[in-house]
Amino acid sequence: MTSEELVEAIAGYAGDVKAIDVVRLDVRGVLDYADFFLICSGNTDRQTKAIHDRIHEGMKRDHDLLPRRVEGLQEARWILMDYLDAVVHIFTPETREFYALEKLWGEVPAKALTA
């Protein structure tokens with residue numbers, strides 16, 4: 001599975017549970033530890049957990065892949081899932097606005113994905 005296919009699959013699983021504002025940042029050539037960041041939001045911490053769960057279950061079931069690590073699941077305002085070539089950031093809207101990763105990485109190519 002290529003890194004592009006990986007990030008597209010993850011975006012699809014996020015969309016299954018109504019993730020909003022799904023954006024793919026292409027960080028190839030800028031970072032050496034990942035090719036893509038996938039950033040999305042859930043309206044509540046319960047929804048961010050549901051997005052995490054769907055991604056985790058789908059990647060394990062369909063692609064036999066588990067994240068290398070997961071952070072932030074307890075509070076669920078910013079959940080990070082590290083799939084090596086793709087790092088997933090799942091935010092509540094307020095937390096996403098506060099950290100503004102899209103602005104921080106504004107020089108890299110970004111693509112809004114239909115979830």
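By the side-chain contact (heavy atoms from CB on, under 4.5 Å) test, E75 pairs with R77, sequence neighbours left out. With sequence neighbours left out, the side-chain hydrogen bond (donor to acceptor under 3.5 Å, both in side chains) criterion links T44 to no other residue. The side-chain hydrogen bond (donor to acceptor under 3.5 Å, both in side chains) check on R96 picks up S41, E102, with sequence neighbours excluded. Residues satisfying the salt bridge (charged side-chain N to carboxylate O under 4.0 Å, His left out) criterion with D26, sequence neighbours excluded, are R28.
Looking at heavy atoms from C-beta onward, L25 lies in side-chain contact with I39 at the 4.5 angstrom threshold. Side-chain contact check for P93 versus N43: some heavy-atom pair is nearer than 4.5 Å. At least one side-chain heavy atom of F37 sits less than 4.5 Å from a side-chain heavy atom of L31. In this structure, L80 and V88 have side chains that are not in contact, with every pair of non-hydrogen atoms separated by 4.5 Å or more. At a threshold of 4.5 Å between non-hydrogen side-chain atoms, the residues L113 and L38 count as touching. Contact annotation: the side chain of I51 approaches that of C40 to within less than 4.5 Å [non-hydrogen atoms, C-beta and beyond]. With a 4.5 Å cut-off on side-chain heavy atoms, M59 and Y83 count as touching.
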> Going through the distances and angles, do L6 and L65 end up as a side chain to side chain contact (heavy atoms under 4.5 Å, CB included)?
Replying inline: CA-CA 10 Å; L6 175 65; L65 289 174; 4.0 Å; yes

> Could you go step by step and tell me if S3 and D85 meet the side-chain hydrogen bond (donor to acceptor under 3.5 Å, both in side chains) rule?
Replying inline: CA-CA 6 Å; S3 58; D85 288 337; 5.2 Å; no

>> Using side chain to side chain contact (heavy atoms under 4.5 Å, CB included), reason through E71 and R69 one step at a time and then give a plain yes or no.
In response: CA-CA 7 Å; E71 295 181 13; R69 71 174 196 228; 3.0 Å; yes

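Although no hydrogens or angles enter the test, the distance criterion places no donor-acceptor pair under 3.5 Å between the side chain of E4 and the main chain of F36.
Other residues, nucleotides and ligands contribute at most 12 non-hydrogen atoms within 6.0 Å of the CD atom of E97. More than 12 heavy-atom neighbours from other residues, nucleotides or ligands sit within 6.0 angstrom of CD on E107.
When each of V17, I79, L73 is tested with T48 by the rule side chain to side chain contact (heavy atoms under 4.5 Å, CB included), just one qualifies, namely I79.
For the ring-ring contact (aromatic ring centres under 6.0 Å, His included) condition, the pairs that include at least one residue of residues 39-59, sequence neighbours left out, are H52-H56. Sorted by first and then second residue, the salt bridge (charged side-chain N to carboxylate O under 4.0 Å, His left out) pairs involving residues 52-61 (not counting sequence neighbours) are D16-R54.
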